[in-house]
Asks: 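Shown below is the structure under consideration.
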Amino acid sequence: MKTNKLSWMIAFVLLALMFAGLYVLEQTLPPTTMLFTILKKSVIYALIAVSMNLLNGFTGLFSLGQAGFMVVGAYTFAILTIPVQHRAMVYQYYDGGIVQFALPAALGILAAGAVAAVFAFLVGLPVLRLKSDYLAIATLGFAEIIRAFIQYEGLGPLTNGSNLLRRFPTFTGIIPPFAIVAFCIFIIVMLIHSTYGRALKAIRDDETAAEAMGINLFFHKQLSFVISSFFAGVAGALLAMYQGSIQAASFKSSMTYEILLIVVIGGMGSISGSILASFLFIASSEWWLRFLDNELFIGTFKVPLLRSGFRVVVFSVIIMAVVLFYRRGIMGDREFNLRFLTRGRSKAKERKNG
Amino acid sequence: MSLLTVTDLKVSYGGIEALKSISFDVRKGQIVTLIGANGAGKSTTLRAISGLVPVIGGSINFDGREITSLDTSKIVSEGIVMVPEGRKVFPNLSVLENLKIGAYLRTNADEISASIEYVYERFPRLKERHWQMAGTLSGGEQQMLAVGRALMARPKLLMMDEPSLGLAPLVVKDIFRIIHRLRDEGITILLIEQNANAALRAADYGYVLETGRITMEGEGATLLNDPKVRDAYLGHAKGKKSSEPEVK
């Protein structure tokens with residue numbers, strides 16, 4: 001109990017330090033620095049990865065619908081928050097669209113989560129009765145259908161068809177996305193540590209035994225699915241704010257696979273693993289490995305292999321190496337907390353003595 | 001007085017009648033056992049009582065209340081808890097978390113802590129290992145955890161599905177000692193076993209199940225000495241003398 005309290009205190013101090021650090025960075029570096037772009041995208045992916053981990057890692061439901069709920073969230077947010085004076089321009093082919101009001105961004109984000117959650121509830125009713133692979137296929141199907149549906153001409157006045165949605169509010173700094181994501185992940189962590197969270201893990205470990213203990217399987221799966229999708233919706237809204245414009249066509253299933261990759265690399269069932277992996281994944285795929293795409297001359301010697309596209313090759317090799325050497329992901333199902341640190345130390349001690 | 005009365009229970013899986021019509025009684029404060037070969041319908045009976053498989057006919061009455069076709073969570077709240085076959089502890093949860101899952105339908109935190117202490121008192125090994133992942137326990141410890149987890153739901157009737165399966169003989173003895181102790185503490189026990197010898201020795205009353213029907217019943221000791229039961233379930237081939245010393 002005592003270490004528990006201490007852990008929370010340390011977590012809050014670290015969070016405060018992180019925000020202080022971000023503030024200092026924002027004051028000293030120009031806002032167009034690559035670092036900010038990467039940090040913003042990473043933190044948004046961290047939320048999606050954690051929401052997917054809640055489902056795949058903690059409840060044992062193999063769902064591939066994340067991109068579908070993100071596109072629902074992103075569109076809900078955009079449709080509800082584009083300022084009225086810009087609507088005529090954004091919806092130029094649809095006479096300004098049918099929505100003629102605009103919500104503040106915060107409400108738009110909440111609505112994004114809520115609408116995604118409602119979709120999840122409806123989709124979950126039939127789909128959550130399926131098991132493993134079938135569930136994955138059904139949720140993947142949903143994500144594809146909803147993406148096509150949004151682009152349907154008939155929905156143009158609402159969704160702008162296959163055209164871009166833009167001119168909605170975006171982030172003014174780096175603090176807001178971090179604050180929103182930190183709050184969302186905090187809620188998910190609280191859920192996992194609650195009685196509900198324990199029931200979810202029990203279902204993941206053994207459905208039959210969980211059911212025999214009186215745990216209502218369907219209710220808990222639905223709960224996990226709806227909450228996970230709520231946060232995927234919120235993350236969709238944040239991604240829209242980050243990008244400044246959205247188009248349904250960009251929310252492909254490859255996006256879900258990217259997130260799945262992050263979850264697996266971080267460790268199924270580890271929140272801190274998902275967060276860590278998001279930052280590493282985004283930074284390496286978009287930033288650290290960039291130099292591999294440019295031809296490089298040392299004197300007159302042209303370094304071989306370096307050319308446009310080589311980055312992807314190296315990145316794939318790194319991922320394979322990680323999966324080979326960390327079968328259960330970087331963190332396994334452990335969390336980066338006090339116990340993790342002290343256990344690491346005692347293990348090192350054992351090794352030294354032994 | 002009977003705690004559980006099963007009347008003409010019928011269950012079928014995908015067109016196959018697993019239970020053809022079985023009736024039996026479990027008296028309060030007794031250990032009652034269902035014995036029978038593989039596929040006789042023992043597990044199905046327990047699963048039907050727990051509400052885990054749909055019942056297509058007959059009735060199940062518990063403590064004066066009709067519980068046929070109730071949800072499992074309601075049945076558990078009524079006081080019928082099952083220790084599933086093969087233990088089925090939650091391997092990636094700690095021992096303590098496993099116990100807490102057992103109390104899932106209870107809400108009073110103080111009472112739950114008291115129950116945890118109650119379980120620890122009976123199984124000191126679980127207390128020693130409360131932080132350990134259940135999957136790392138030995139088979140016997142897992143069986144104790146499975147029983148402890150079931151006790152967390154404060155059962156009036158504890159149903160045990162093959163508790164001795166895959167355990168070393170010494171551990172099996174321990175398990176049966178625990179079953180007796182629980183009975184003495186007032187918990188009624190419905191036990192199903194392939195190990196008919198051990199089950200009938202432990203039981204106050206027994207039923208023999210054959211392909212979905214009950215073919216015999218009687219007090220544990222009576223069945224144990226019944227030649228037909230001995231031939232079919234106790235490994236005494238025909239022609240062997242019954243005076244032969246028994247393996248203990």
Side-chain angles (χ1 to χ4, degrees), chain A residues 1-4 7 53-54 56-61 129 191-224 267-271 273 327-329 331-335 337-340 342-343 346-347, chain B residues 43 46-53 70-94 96-109 112-113 131 133-135 142 145-155 158-161:
Chain A
M1 282 292 124
K2 221 175 187 180
T3 47
N4 227 344
S7 291
N53 207 342
L54 173 66
N56 290 30
F58 287 94
T59 321
L61 292 174
R129 301 186 191 274
L191 172 79
I192 287 169
H193 286 272
S194 72
T195 322
Y196 288 114
R198 207 179 295 125
L200 298 183
K201 287 188 266 183
I203 291 173
R204 169 195 69 191
D205 274 13
D206 197 317
E207 277 197 9
T208 322
E211 199 180 10
M213 298 313 347
I215 294 174
N216 184 331
L217 294 184
F218 185 71
F219 169 79
H220 283 89
K221 287 180 177 178
Q222 184 72 289
L223 181 81
S224 173
M268 294 274 231
S270 170
I271 298 286
R327 297 252 162 120
R328 307 188 55 212
M331 299 294 288
D333 56 2
R334 294 164 301 176
E335 293 294 346
N337 54 22
L338 209 59
R339 201 191 298 164
F340 176 74
T342 48
R343 209 197 296 176
S346 59
K347 253 188 198 161
Chain B
S43 287
L46 293 200
R47 294 176 62 79
I49 295 169
S50 282
L52 292 168
V53 293
L70 284 184
D71 281 344
T72 304
S73 57
K74 297 247 170 59
I75 293 172
V76 172
S77 312
E78 287 285 326
I80 301 184
V81 184
M82 181 160 76
V83 182
E85 181 181 347
R87 301 174 286 275
K88 303 246 179 191
V89 295
F90 303 111
N92 298 308
L93 296 188
S94 70
L96 180 58
E97 282 179 306
N98 266 275
L99 293 179
K100 284 183 176 168
I101 289 283
Y104 180 74
L105 295 170
R106 295 168 57 189
T107 46
N108 186 326
I112 292 175
S113 316
W131 52 271
M133 294 291 131
Q142 287 189 15
L145 178 56
V147 174
R149 185 180 62 186
L151 290 178
M152 290 297 295
R154 286 196 297 200
L158 189 65
M159 303 198 296
M160 305 182 85
D161 193 345

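Letters A, B, ... are given to chains in the order of the sequence lines, protein chains preceding strands, and every chain is numbered from 1.
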Asks: Please determine, among A/A212, A/A202, A/A199, A/A209, the option with the most heavy-atom pairs under 4.5 Å with chain B.
Replies: A/A202
Asks: Taking every heavy-atom pair that is under 4.5 Å apart, which of B/P84, B/P91, B/G135 has the most such pairs with chain A?
Replies: B/P91
Asks: Would a distance-only check, ignoring hydrogens and angles, find a side-chain to backbone donor-acceptor pair under 3.5 Å from A/S224 to A/H220?
Replies: no
Asks: Against chain B, work out which of A/K201, A/R198, A/R204, A/E211 has the most heavy-atom pairs shorter than 4.5 Å and name it.
Replies: A/R198
Asks: Would you give the length of the straight line joining atom CE of B/M82 to atom CE of A/M213, rounded to the nearest 0.5 angstrom?
Replies: 9.0 Å
Asks: Could you tell me whether a side-chain N or O of B/N98 sits under 3.5 Å from a main-chain N or O of B/A146, the two making a donor and an acceptor?
Replies: no
Asks: Testing the basics here: between B/G102 and B/A153, what is the closest heavy-atom pair and its distance to 0.1 Å?
Replies: O-CB, 3.5 Å
Asks: At what distance, to the nearest 0.5 angstrom, does CG of B/L105 lie from CE of B/M152?
Replies: 12.0 Å
Asks: Side chain from CB out, backbone as N, CA, C, O: work out which of these in B/R47 comes under 4.5 Å of a heavy atom of chain A, or both, or neither.
Replies: side chain
Asks: Does any backbone or side-chain atom of A/F219 lie under 4.5 Å from a heavy atom of chain B? Answer side chain, backbone, both or neither.
Replies: neither
Asks: With only heavy atoms counted, which part of B/L52 is less than 4.5 Å from chain A, the side chain, the backbone, both or neither?
Replies: side chain
Asks: Less than 4.5 Å to any heavy atom of chain B: does that hold for the side chain of A/N216, its backbone, both, or neither?
Replies: neither
Asks: Name the member of A/I215, A/D333, A/T195 that forms the most heavy-atom pairs with chain B at distances under 4.5 Å.
Replies: A/I215
Asks: Kindly say whether A/K221 contributes a backbone atom to a donor-acceptor pair with the side chain of A/T59 at under 3.5 angstrom?
Replies: no
Asks: Look at the side chain of A/D205 and the backbone N and O of B/N92, then say whether any donor-acceptor pair between them is shorter than 3.5 Å.
Replies: yes
Asks: Checking heavy atoms, do the side chain of B/I101, its backbone, both or neither come under 4.5 Å from chain A?
Replies: both
